Protein chains: 2
Amino acid sequence: MARRNEHSKAQLRTLAIAAVRAIVAEQGPDKLSVRKVAEHIGYTPGMLYHVFACLDDLILHANAVTLDGLLQRMQAATALSPAEALQTMAGQYLALAREEPHLWQLVFMHRMPQAAAVPAWYQQRTLQLFVLVEDQMARLSAQQDAAAVHLAARTLWSSVHGISVLAVENKLSIAGDVDETAMLQSLIHHYLASWARNSVNGDDA
Amino acid sequence: MARRNEHSKAQLRTLAIAAVRAIVAEQGPDKLSVRKVAEHIGYTPGMLYHVFACLDDLILHANAVTLDGLLQRMQAATALSPAEALQTMAGQYLALAREEPHLWQLVFMHRMPQAAAVPAWYQQRTLQLFVLVEDQMARLSAQQDAAAVHLAARTLWSSVHGISVLAVENKLSIAGDVDETAMLQSLIHHYLASWARNSVNGDDA
DNA sequence: CTCGCTATTGAACAATGTTCAGCTGAGAGG
DNA sequence: CCTCTCAGCTGAACATTGTTCAATAGCGAG
């Protein structure tokens, strides 16, 4: 049995991506394998290499779907006031981590082999995420230059990311339970409170 | 050749741990393998399983060494004023990430298989790290209750962690270079500025 | 109906972690 | 000095991983 032509190349890609997401969501990132994906869609492992460059390529495409969903959820908050928008966006970030921890892990804990470069079409999505935050920061404090907003947005969102990472890994509950939502609120509230007030030289000491 | 008795069990453990650290420091976490460790110390792979439960056990022990070094570096800052101490500690956290990125990755990006529990002797080290931060936060604001300090310390340090993670992965430079040191300073400065002032209910909205 | 082209197979490869029966040599007892 | 025992260590095996590619099977053009 060869040359079945049951699916177009694009359909095969979509099927494979869906299979990855299904397998990871159920069994976790480390239970993912090329053979499982192939079996899941009724093909052999070899086929996948005519449609994706390698497993990492396939994973990246699966992650793009997850990221697009996250971006859409975060975008919905842009109508609110800047501070509320940022709080809501952080909430969505954490919500995804809690609703779909395995898919979240696949996105944010997957490493490229030997630090190989992430393709541009993928980088563009992570960039969008930061831009979304940056826009709200800019709205919050009009008199700041672009560089300051750039720095503050990356500072704040890297922090949100850090809290979410440790939340997913349960590394925080080792000393009594902590409410990650409260942590995010505390972070954003306090950081913005001081930053928006005076940030001309909020750096050394 | 069997039964050589050249090294004691404890020596073998130390040798293996050193080998792991050498291999990872040079070649990165994903190039680590049981066979490489064994070859590095002149033994066969099987031997390692008489001295460690599995590869993850060995990795955890190698990570403990790295963590102890980090803790020592951070402890040296406790003599400073609280705000300066926290800034310096964060600096050490980032410094390690930059000096030994591979070892840092092995510590902070290694996942236990299927989210298996991290042993207590290891958890104790990550806890110490938080306690170090907590102590400084407590010094900073005496009138706060333990729960508030607990929350704020974990919030702040998870954020420091998040910035360091993205720094190691170079996920921040995708939109022009950002100075991670400046980010850490901004984070700590602004968060502490607002938190130390009034933190009775720095939560909702 | 036939033929060619290509999508798909399936078997092979190297490398991974892990297990364990068995060997071999160090050290106790003679 | 010899011997015997016991355990530290070996080495080969297993299952599983990603990846490659010659071979093939069947669709669609002629």
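All values derive from a computational prediction rather than experimental measurement. Chain letters run A, B, ... following the sequence lines, proteins first, then strands; residues in each count from 1.
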| task | Could you check how far NZ of A:Lys36 sits from P of D:dG18, rounded to whole Å? | result | 9 Å
| Parallel, tilted or perpendicular: rings of A:His61 and A:Trp121 (30°, 60°) | tilted
| request: Report the distance from atom CG of B:Asn5 to atom C1' of C:dC23, rounded to the nearest whole Å. | output: 15 Å
| field | Interatomic distance, B:Ile23 CD1 vs C:dT16 P [rounded to whole Å] | value | 11 Å
| request: Classify the nucleic acid contact of A:Leu48 as base, sugar-phosphate or nothing, counting any heavy atom under 4.0 Å across all strands shown. | output: nothing
What does the list of N/O pairs under 3.5 Å between the protein and nucleotides 18-20 of chain C look like, with a distance for each?
unit_1	atom_1	unit_2	atom_2	d
C:dT18	OP2	B:Tyr49	OH	2.7
C:dT18	OP2	B:Leu55	N	2.9
C:dT18	O5'	B:Tyr49	OH	3.3

| Spacing of A:His7 atom NE2 relative to C:dT9 atom P, expressed in whole Å | 10 Å
| Going from CG on A:Leu151 to CD on B:Glu180, what distance comes out if it is rounded to the nearest 0.5 angstrom? | 10.5 Å
| message | Over all strands shown, is A:Leu32 touching base, sugar-phosphate only, or nothing at heavy-atom distances under 4.0 angstrom? | response | sugar-phosphate
| Pi-cation contact, B:Tyr43 with B:Arg4 (under 6.0 Å, within 45°) | yes
| query | Under 3.5 Å, is there a donor-acceptor pair between the side chain of A:Ser186 and the main chain of A:Ala182? | reply | no
| query | Given C:dA26, D:dT17, D:dT10, which nucleotide is nearest the side-chain atoms of A:Ser33? | reply | D:dT17
| message | Between A:His102 (side chain only) and A:Ala25 (backbone N and O only), is there a donor and an acceptor less than 3.5 Å apart? | response | yes
| said: In this structure, how many angstroms lie between the C1' atom of C:dA14 and the NZ atom of B:Lys31, rounded? | reply: 13 Å
| request: Mind calculating the distance between CD (B:Glu39) and C1' (C:dT16) to the nearest angstrom? | output: 15 Å
| query | Just how far, in rounded Å, is P of C:dT8 from CD1 of A:Ile41? | reply | 10 Å
| field | Backbone of A:Pro45 reached by a side-chain donor or acceptor of A:Arg35 within 3.5 Å | value | no
| Looking at B:Arg4, does any N or O in its side chain come under 4.0 Å of the phosphate oxygens OP1/OP2 on D:dT10? | yes
| said: How long is the straight-line distance from CG of A:Leu94 back to CE of A:Met89, given to the nearest 0.5 Å? | reply: 15.5 Å
| task | For A:Arg13 and C:dT8, give me the distance from atom CZ to atom C1', rounded to whole Å. | result | 17 Å
